[in-house]
Amino acid sequence: MRVWIGWALLLLVLVGLALVPMVLTRDLVTALFFTFIFLTLAANYDVLGGFLRHINLGQGAFFGLAAYATAVVLTRAPWSPKLGALAVWVAVGVAIPLTAIFAALVAYPLFQVRGPYFAVITFGLVLILQQIVLNTSRLSGGSYGVTIPARYYPSLPTAYYAGLALAIGAVLINSFIARSRLGIAFHALRDSEEAAAAIGIDPFRHKQTAMVIASVPSAAAGCIFALFMGHLYMETVLGTDVTLLPVIIAMVGGSGHVLGPVLGAVIVRGLDIGLVYAALPVPNLALYGLMLVGIGLFLPGGIVHVLTRKGR
Amino acid sequence: MTLGGVYALIAFTLSVALATTHVLNVAHGTLMVLGAALATLLTRFMGLSLPLSVLGVAGCFALMGLLFDAVFVRPILHKSRETILITSIVATFGLALAMETLLGFYWARWVDPEPSFSLSLPAPHIEVRGIVLSTQRLLIFAYAVVAIGVFHLVLKHTPVGKAARALAQDYEGALIVGVNPRAVSRAIYTLGVSFTAISGAFYVLTVPLDPYQGIWLTLVALIVVVIGGVGSLPGALLGGLLLGMIQALTVFFVGSGWSPIMFLLVLFLILVFRPQGLLGGRR
């Protein structure tokens, strides 16, 4: 009985979200689109953060890399103007595999460390990309940013539905992992790497796989984001607040639970949008930071765990 | 090169705190920036002399360290390591974000529309037997050596220092023999935060800082810790000097913007080829 109510609710929410572009104002639809993008990243973060308990503060790097790759291919590649509308697909076709390869490569140094070191050094990925963008202005536009030609922009409903599909896809990936052999292997590695290695689970290969799986939807989100924004600045795509938002969403909602990122996205983005409309005299980022302090100190397991009363 | 001493010092205070309390303080670098900001405020805008303002910074940030310990460390100290880690990352990241935003915002509004923290000395150069030496660099280096020496002596010879080392080596074991982790963490954070803030004041004698560089400095400190070998004091020194040298060379040959990239490349190379760090034995 309760299961049926759950499914009915889910269906209702999905139908509601599908109708949104026809009902709400442009601003709110855009805000929802951003929410989907961040939800995708948060769900991806949870592949490593939830299943393997490796806090990856660098999830935003995949997003930023793919966004910049899309923009750079569309503006700089000599073949792009000749392809017409197809150029977008070519750019996305370059950006996503590129990001996946990047994820597979950085796995080699990153998984040499664990715990706090892993967390902060993964954030180094974001900082390194920031610096590369700022220092290769001929390619990436540097601090002036890069503009994608207007003919490639998707309409708002297109972007909205793509974002929605992506977010649903990312959450589904997590629930599939949770039920699969891979998920069991991840949990075994999380609980004891040595024990898991002893029964034949290769720690590095599995972590690398997790990282690559987690990079693909984030990369796709980066592509859509780049196309929708049209103009990319380092700060909007790779800024500290943007790249850490997904991590915060996952942690607030509850890491390690399929619904955690969804709940976190609703709460954090709700607060975020609320703050924009509240127009307080204090900078929003500061309030945002203080809220994080409160959440970190009082709700360390995330809200899902309070609701399910499992605790830590 | 002299910056290497400062890097080693902030790496060292970070890693001592991390090893004894398992709290990862993401706001570490931000506290350093705040120290630099306060020193700039005291000297440039209130006309205090440099030693006096360094004393002021030390006093203020010793209090700040006490406060940090009471709010961010003490309430979570009894939890599991993993919970402490996640909690401290979220909470101190929030703190860093709030502090740097407020600092940038109000500095721009009240003090200077383009926030940049820097200090200067009355006599920038001294001459010793015909060799011109930069007083700033000498001073920074002397400070780093003295501060690291003080830290070393405290850890080796005082009861609190011994307790801290015991906690870092074997947390449960230390608890069983009666070490009080709260007293240790209070001492570590009071000392660590004030030294970090003073490091900020000395750092800006050569290189100016802006309000938003805090998290990067935390990362630099962690890079130093990992390069040198987790838990190794000589390793932190070597790592700090190495980064200082890399920075100097990159600035000279390629351009200042590339030094963060070089830092991370060196870090990645070391992680792939020598994962335990340069001087790290066990992990």
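Letters A, B, ... mirror the listed sequences (proteins, then strands); counts begin at 1.
- Comparing A:A286, A:G124, A:G294 by how many heavy-atom pairs each has under 4.5 Å with chain B, the most go to A:A286.
- Of the two parts of B:I223, neither the backbone nor the side chain holds a non-hydrogen atom closer than 4.5 Å to a non-hydrogen atom of chain A.
- For B:W216 against A:L127, the heavy-atom pair with the smallest separation is CE3-CD1, 3.4 Å.
- Heavy atoms closer than 4.5 Å to chain B are found in both the backbone and the side chain of A:I121.
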Q | Trace of the side-chain contact (heavy atoms from CB on, under 4.5 Å) decision for B:V226 with A:V113 | A | CA-CA 9 Å; B:V226 174; A:V113 286; 4.1 Å; yes

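- Residues A:V293 and B:F72 form a side-chain contact, since some pair of their non-hydrogen atoms from C-beta on lies under 4.5 Å apart.
- The distance from the CG atom of A:L290 to the CG atom of B:L97 is 9.0 Å, given to the nearest 0.5 Å.
- Within 6.0 Å of the CZ atom in A:F204, the count of heavy atoms belonging to other residues, nucleotides or ligands exceeds 12.
- For B:L24, the part lying under 4.5 angstrom from a heavy atom of chain A is the side chain only.
- Contacts of B:F268 with chain A are made by both backbone and side-chain atoms, with heavy-atom separations under 4.5 Å.
- For chain A, no part of B:I270 is nearby; none of its heavy atoms comes within less than 4.5 Å.
- With a 4.5 angstrom heavy-atom cutoff, B:V26 does not touch chain A via any of its atoms.
- Using a 4.5 Å cut-off between heavy atoms, B:I261 contacts chain A through both its backbone and its side chain.
- B:V71 has its side chain within reach of A:L297: a pair of non-hydrogen atoms, C-beta onward, lies under 4.5 Å apart.
- To the nearest 0.5 Å, atoms CG (B:L85) and CZ (A:R114) are separated by 13.5 Å.
- For the pair A:F123/B:L222, no side-chain contact is recorded, criterion being any heavy-atom separation below 4.5 Å from C-beta on.
- The CG atom of B:L219 sits 10.0 Å away from the CG atom of A:L57 when rounded to the nearest 0.5 Å.
- For the residue pair B:V272 and A:Y108, the shortest heavy atom distance occurs at CG2-C, 4.3 Å.
- Heavy atoms of B:F263 lying under 4.5 Å from chain A are absent altogether.
- Heavy atoms closer than 4.5 Å to chain B are found in the side chain of A:I55, but not in its backbone.
- With values rounded to the nearest 0.5 angstrom, B:I89 atom CD1 is found 5.5 Å from A:M251 atom CE.
- The shortest side-chain heavy-atom distance between A:V247 and B:F93 does not fall under the 4.5 Å cut-off.
- In B:F105, the CZ atom is crowded: over 12 heavy atoms of neighbouring residues, nucleotides or ligands sit closer than 6.0 Å.
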